[in-house]
Amino acid sequence: MRRKLVVANWKMHGNLERNRLLLQEIVAGVQGLHNADFAVCVPHPYLFQAQQMLAATNVAWGAQNVHQAEQGAYTGAVSAWMVADFGCTYAIIGHSERRGQFRETNECAARSMKLAIKAGLVPIYCMGETLDEYEAGVTEAVVASQLDGVLNIVGIKLFSKVVFAYEPVWAIGTGRTASPGQAQAVHEFIRARIAKHDLEVAAGLRILYGGSVKPANAAQLLVMPDIDGGLIGSASLAADEFVAICRVANGAPGSKRRV
Ligand code: 13P
């Protein structure tokens, strides 16, 4: 079985002082939890702070995006190597807010993913359907195209270095979460689609669920066989809530083996 992973996505929240308190409380709260992996993905300006505060702890850190080019005249953009300079383990790629608000495509995500891997980062690749798509019953087709769109560029072998996240857009920040059964069905679909290319990669792949994960629903979600952890937005801004979710992951079925 795969080791659970819980990742905070702070989005565009925080400041030095608030981050300091939040990180202190998270570190204290997850100290001694060794059966799962934990990380916080902070806004780029706070990567140094995360590195300083988390270096000697069991909480990893990461960025929320990296640009799709290695370097060059891209005002305001941040490369995979820049975030790697600050000791990041993870980089979120293809979040629906990047796709929706910044017009990032599967192709952009695939290029960022390749560079992130080249820079030694673990990409967390996000997929998920909008409310309209959900209501039209095309969830699997949307997720399949987001998956195939990167697979065709990145190649199946590199998927062994990627974490996936299924985040239905209608569940993000809405308080409305996919039921454990709905989420499990999509996770199973993603794993099966990857298994058609490589059984071993599919078996080892961690697929996180994101979208209004809270302490109250985490246990039901994380017990599902293909849900390997959570990508947590608003609940990650309150240390007690995030730590409670980490505790659930730590106690959930799943091996202690690192993948
Ligand atoms: P919420 O947990 O606020 O719904 O956000 C989920 C998310 O987008 C994580 O990347």
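Ligands are counted one by one from 1 in listed order, and the atoms in each one are counted from 1 as well. Because only heavy atoms are used, hydrogens play no part in the values below, and waters and symmetry mates are left out as well, while side chains stay in. This structure is a prediction, so every number in the text was calculated from the model and none was measured.
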*Would you say Gly211 touches ligand 1, if touching means a heavy atom closer than 4.0 Å?*
yes

_Restricting to non-hydrogen atoms, name the atom on Val6 and the atom on Ala249 that form the minimum distance, rounded to 0.1 Å._
CG2-CB, 3.4 Å

*For atom 4 (O) of ligand 1, which of Gly233, Cys41, Gly173 has the closest heavy atom?*
Gly173

*asked:* Please report the interatomic distance CD(Glu200) to OG(Ser160), rounded to the nearest 0.5 Å.
replied: 8.5 Å

_Salt bridge flag under 4.0 Å for residues Glu188 and Arg191_ = no

*So is Lys11 in contact with ligand 1, going by heavy-atom distances below 4.0 Å?*
yes

*Are Phe38 and Phe242 close enough that their ring centers fall under 6.0 Å?*
no

*Please identify which atoms of ligand 1 are closer than 4.0 Å to at least one heavy atom of Ala171.*
4 (O)

*Please say which of Asn19, Ile26, Ile232 ends up in a side chain to side chain contact (heavy atoms under 4.5 Å, CB included) with Val40.*
Ile26

*At a 4.0 Å cut-off, with the gap strictly under it, does some heavy atom of Ser236 reach an atom of ligand 1?*
no

*In terms of atom number and element, which parts of ligand 1 are under 4.0 angstrom from non-hydrogen atoms of Glu167?*
6 (C), 7 (C), 8 (O), 9 (C), 10 (O)

_I'd like to know if the side chain of Glu133 reaches the main chain of Thr130, judged simply by a donor and an acceptor atom lying under 3.5 Å from each other, with no hydrogens or angles considered._
yes

*Closest heavy-atom contact between Lys118 and Glu70?*
NZ-OE2, 3.0 Å

*Going by the order shown, which atoms of ligand 1 are within less than 4.0 Å of some heavy atom of Ser212?*
1 (P), 2 (O), 4 (O)

_Atoms of ligand 1, numbered as shown, that sit under 4.0 Å from any heavy atom of Leu231_ = 9 (C), 10 (O)

_Numbering as shown, the atoms of ligand 1 that approach His95 to under 4.0 Å (heavy-atom distance)_ = 7 (C), 8 (O), 9 (C), 10 (O)

